[in-house]
Amino acid sequence: MNRKFELMKNLNIVKKSKHFFFLLAIASILVNVFSLVIPIFFLQVYDRIIPYRSESTLIILTIGALVIVVVEMFVMTIRGIIASKFSYSYIHTAEDMLMSKLLSVRNFKQLNFNITEYQQSFRHLQKLGKFYSGEMFQSIMDLPFMLFYLYAIYFFGGKIVIFPISIIVTYFIAALVYKRIFMRNKVNFLETKKLKLSFINEIFSKIHFIKAQSCEDMLIRKFENKEKDNAVNSFKLALSSNSSILLGEMTSQIMLYGTIITGGYLVLNGDISLGVITACTMLSRRAISPLIGISKFMINLSDAEIAIKDLNEKFSFDDITDNKISIPFGIDSVIQIQNLSIKENNRYIVKNLSINIDKDSITAISSNSSLEKSRFFDTLCGIEEPDEGNIYLDNYKINHILIDKFSTGVEFLPKKGKVFKGTIIENITMFNPELSIQAEDTASLVKLDRLTVHLPKGLETELNEKSNETLPSNLINRIILARVFLHRPRVLICDNADEDMDEQTIDIFIELLKEIKINTVIIISTENKKILKICDKHFSIQNNTLVEREMEYYER
């Protein structure tokens with residue numbers, strides 16, 4: 001049973017970001033308090049300074065108001081920087097956590113969705129990062145000041161406050177309606193998009209069958225229908241999203257002109273002054289801003305809730321860290337296989353297999369079936385769980401050990417290794433600069449330096465993804481050998497690694513095996529007689545079990 005994955009609980013975003021919240025709160029308080037300065041400035045200018053023609057007072061107030069405006073802009077900039085830093089921190093932490101969890105899955109069959117949908121999930125983090133870029137917290141922190149501004153309008157203008165309150169209530173009700181419409185359209189859009197992607201994946205997985213049956217025209221029509229549904233729902237989603245934005249802008253304009261018209265009648269009746277109506281107009285526009293921010297927050301909250309739900313569903317699988325132990329590598333390196341059984345499509349490919357593989361030895365295991373061998377080696381490495389039985393490294397179950405804590409002691413040499421974007425030396429150290437000197441020694445040990453001496457930058461030559469196709473196979477094999485033997489592994493598992501090696505590389509490989517044999521368990525799958533000659537035991541998977549073969553056959 002998979003554990004329920006909770007993104008927000010795992011990130012613990014609130015607890016880890018208290019200092020961000022504190023700084024945002026201080027910045028929001030300052031911004032909202034400074035917003036009162038300009039309305040009060042115009043109130044004083046129209047009601048006090050102009051009637052009494054006090055030019056000196058006007059100059060002093062203007063300078064003071066300009067200083068406050070500059071400080072307000074500075075504080076708003078600082079608030080934006082704080083929010084952006086929080087957003088980038090959130091995205092980085094979330095992406096790192098999700099990628100680690102995805103890479104730590106022992107068996108990709110545990111993944112509940114295809115890999116394309118997991119790629120889509122990472123895009124949700126960008127939306128969540130924008131949502132947490134201070135927009136959520138700023139809207140919540142600004143909301144109490146709406147009441148503060150309304151009280152200021154009441155304090156200066158009296159009953160003129162009735163109009164802003166009625167507009168705010170009306171807008172709030174309309175925003176709730178738009179949120180429901182947006183939520184419904186968003187769910188419909190995601191569903192049609194998911195169906196379209198699933199349809200595309202299904203076509204690619206059965207492309208040869210489709211070609212053989214000449215079904216292209218029918219599938220093109222089905223795809224066009226799905227594309228049409230996706231386009232319609234995309235239009236509805238964009239319309240509902242833009243409508244909510246237009247609603248906010250329209251409400252802001254109504255608030256502005258409505259307050260001016262309402263205040264105009266009160267000025268004509270002598271209830272308020274020209275300065276008061278000017279101040280109240282500015283304050284009413286400012287009072288609606290937090291509510292517009294909250295309505296946008298509610299729309300984005302719906303988006304964020306869908307994204308979080310999607311991420312929780314996709315990453316609710318057991319990974320390598322679930323109920324696993326971390327142990328030091330100060331052990332005897334003895335592998336014990338007890339009653340191991342592996343099934344494929346409800347059929348045993350290995351059944352009740354038991355064997356001990358001691359250190360200071362090289363054990364060869366072969367099979368006529370690549371499926372049997374690959375599944376056996378995957379289980380031996382702890383990548384897959386055995387259907388029955390257990391595999392122990394000393395007294396520790398292989399699939400209960402944290403492999404990332406064990407990686408310098410256990411190495412796997414694949415049939416065809418890969419190089420990555422970076423220098424040759426970085427490909428050996430796997431981008432750990434602290435191992436550069438050790439990597440140069442290992443490169444010399446596998447005679448890699450003889451192959452790189454003709455390259456422009458030697459071991460510092462840059463590689464990329466295309467290098468796997470363009471570089472000579474012997475150069476790639478030497479890089480992989482240097483990478484594997486860099487840590488002098490205590491357990492080495494090789495899966496037909498010699499098949500793509502030239503004779504010189506095979507000779508180097510044999511010498512390395514001889515050198516690390518002491519205090520090391522070596523399990524190798526090979527049919528190469530030169531390598532089999534140095535093996536201590538040779539087993540073959542026959543009739544679902546291991547059968548030991550005679551070593552004299554290889555004429556040591």
Side-chain angles (χ1 to χ4, degrees), residues 103 329 360 362 364 377 381 404 406-535 554 556:
L103 292 176
F329 199 73
D360 307 336
I362 302 177
F377 272 76
C381 294
D404 60 335
F406 224 49
S407 57
T408 57
V410 179
E411 291 288 352
F412 179 74
L413 188 59
K415 183 176 181 179
K416 189 173 180 62
K418 299 286 185 181
V419 294
F420 308 100
K421 186 177 181 180
T423 64
I424 292 176
I425 201 74
E426 287 174 337
N427 269 271
I428 296 173
T429 64
M430 290 308 288
F431 306 94
N432 184 352
E434 296 179 0
L435 299 175
S436 296
I437 296 177
Q438 186 179 341
E440 291 177 4
D441 294 337
T442 307
S444 177
L445 187 65
V446 300
K447 298 181 174 55
L448 178 60
D449 51 347
R450 297 184 182 180
L451 299 178
T452 58
V453 70
H454 302 294
L455 296 176
K457 296 183 180 179
L459 293 175
E460 295 296 332
T461 301
E462 288 283 341
L463 306 179
N464 53 44
E465 292 80 359
K466 294 182 179 179
S467 299
N468 290 293
E469 286 76 36
T470 57
L471 287 179
S473 60
N474 61 337
L475 178 59
I476 294 178
N477 285 325
R478 301 282 179 92
I479 295 172
I480 305 305
L481 282 178
R483 181 190 299 165
V484 169
F485 286 93
L486 177 66
H487 300 288
R488 304 299 190 271
R490 297 284 300 277
V491 176
L492 176 62
I493 300 173
C494 309
D495 184 10
N496 287 100
D498 59 280
E499 281 192 6
D500 198 37
M501 292 182 184
D502 63 298
E503 287 299 318
Q504 288 185 338
T505 306
I506 288 177
D507 292 337
I508 293 170
F509 180 46
I510 290 172
E511 292 303 316
L512 289 171
L513 292 176
K514 289 178 180 179
E515 182 178 329
I516 70 165
K517 178 179 174 181
I518 300 174
N519 292 323
T520 304
V521 176
I522 301 175
I523 303 172
I524 187 168
S525 171
T526 182
E527 297 297 332
N528 188 297
K529 291 184 179 181
K530 291 175 69 174
I531 298 175
L532 288 170
K533 284 180 182 180
I534 67 170
C535 294
Y554 303 109
R556 293 175 177 250

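These numbers come from a predicted model, not from an experiment.
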Going from [atom1] on [X] to [atom2] on [Y], what distance comes out if it is rounded to the nearest 0.5 angstrom?
| X | Y | atom1 | atom2 | answer |
| --- | --- | --- | --- | --- |
| Leu481 | Met501 | CG | CE | 4.5 Å |
| Ile508 | Leu445 | CD1 | CG | 8.5 Å |
| Phe485 | Leu413 | CZ | CG | 6.5 Å |
| Ile424 | Glu440 | CD1 | CD | 12.0 Å |
| Lys529 | Cys535 | NZ | SG | 14.0 Å |
| Leu471 | Thr461 | CG | OG1 | 9.5 Å |

*Residue Ile437 excluded, over 12 heavy atoms near CD1 under 6.0 Å*: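 No.
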
*Count the heavy atoms belonging to other residues, nucleotides or ligands that lie under 6.0 Å from CD of Glu462, then report whether that count exceeds 12.*
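It does: Glu462 CD has more than 12 such atoms within range.
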
Quick check against the 3.5 Å criterion: does [X] have a side-chain atom that pairs as donor or acceptor with the backbone of [Y]?
| X | Y | result |
| --- | --- | --- |
| Asp500 | Asn477 | no |
| Asp495 | Pro414 | no |
| Thr520 | Ile516 | yes |
| Thr470 | Lys466 | yes |
| Arg483 | Met430 | no |
| Gln438 | Leu486 | yes |

Could you check if a side-chain atom of [X] sits within less than 4.5 angstrom of a side-chain atom of [Y], using non-hydrogen atoms only?
| X | Y | result |
| --- | --- | --- |
| Arg490 | Val521 | no |
| His487 | Leu435 | yes |
| Arg478 | Thr452 | no |
| Leu513 | Leu492 | yes |
| Asn474 | Gln504 | no |
| Ile479 | Leu463 | yes |

Using the side-chain contact (heavy atoms from CB on, under 4.5 Å) criterion, which residues pair with [X]? Sequence neighbours excluded.
| X | answer |
| --- | --- |
| Ala443 | Ile428, Leu448, Leu459 |
| Lys415 | Asn496, Glu499 |
| Ser444 | Asp449 |
| Asp507 | Lys530 |

Taking all heavy atoms of [X] and all of [Y], pick out the closest pair and write down the distance.
| X | Y | result |
| --- | --- | --- |
| Cys494 | Phe509 | SG-CZ, 3.9 Å |
| Val419 | Ser467 | CG2-CB, 4.0 Å |
| Ile476 | Gly417 | CG2-O, 4.1 Å |
| Phe377 | Ile493 | CD2-CG2, 3.2 Å |
| Phe412 | Val484 | O-CG2, 4.1 Å |
| Val446 | Ala482 | CG2-CB, 4.0 Å |

*For Glu511, all residues meeting salt bridge (charged side-chain N to carboxylate O under 4.0 Å, His left out), sequence neighbours excluded*: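 Once residues adjacent in sequence are excluded, the partners of Glu511 under the salt bridge (charged side-chain N to carboxylate O under 4.0 Å, His left out) criterion are Lys514.
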
_Looking only at the side chains, is there a donor atom on one of Asn432 and Thr429 sitting less than 3.5 Å from an acceptor on the other?_
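Note: Asn432 and Thr429 side chains miss the donor-acceptor criterion.
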
*Determine whether the side chains of Thr526 and Asp498 contain a donor N or O and an acceptor N or O closer than 3.5 Å.*
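The answer is yes; a qualifying pair exists.
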
*Could you name each residue pair satisfying salt bridge (Lys or Arg N to Asp or Glu O under 4.0 Å) that touches residues 423-439, not counting sequence neighbours?*
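Qualifying pairs, neighbours excluded: none.
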
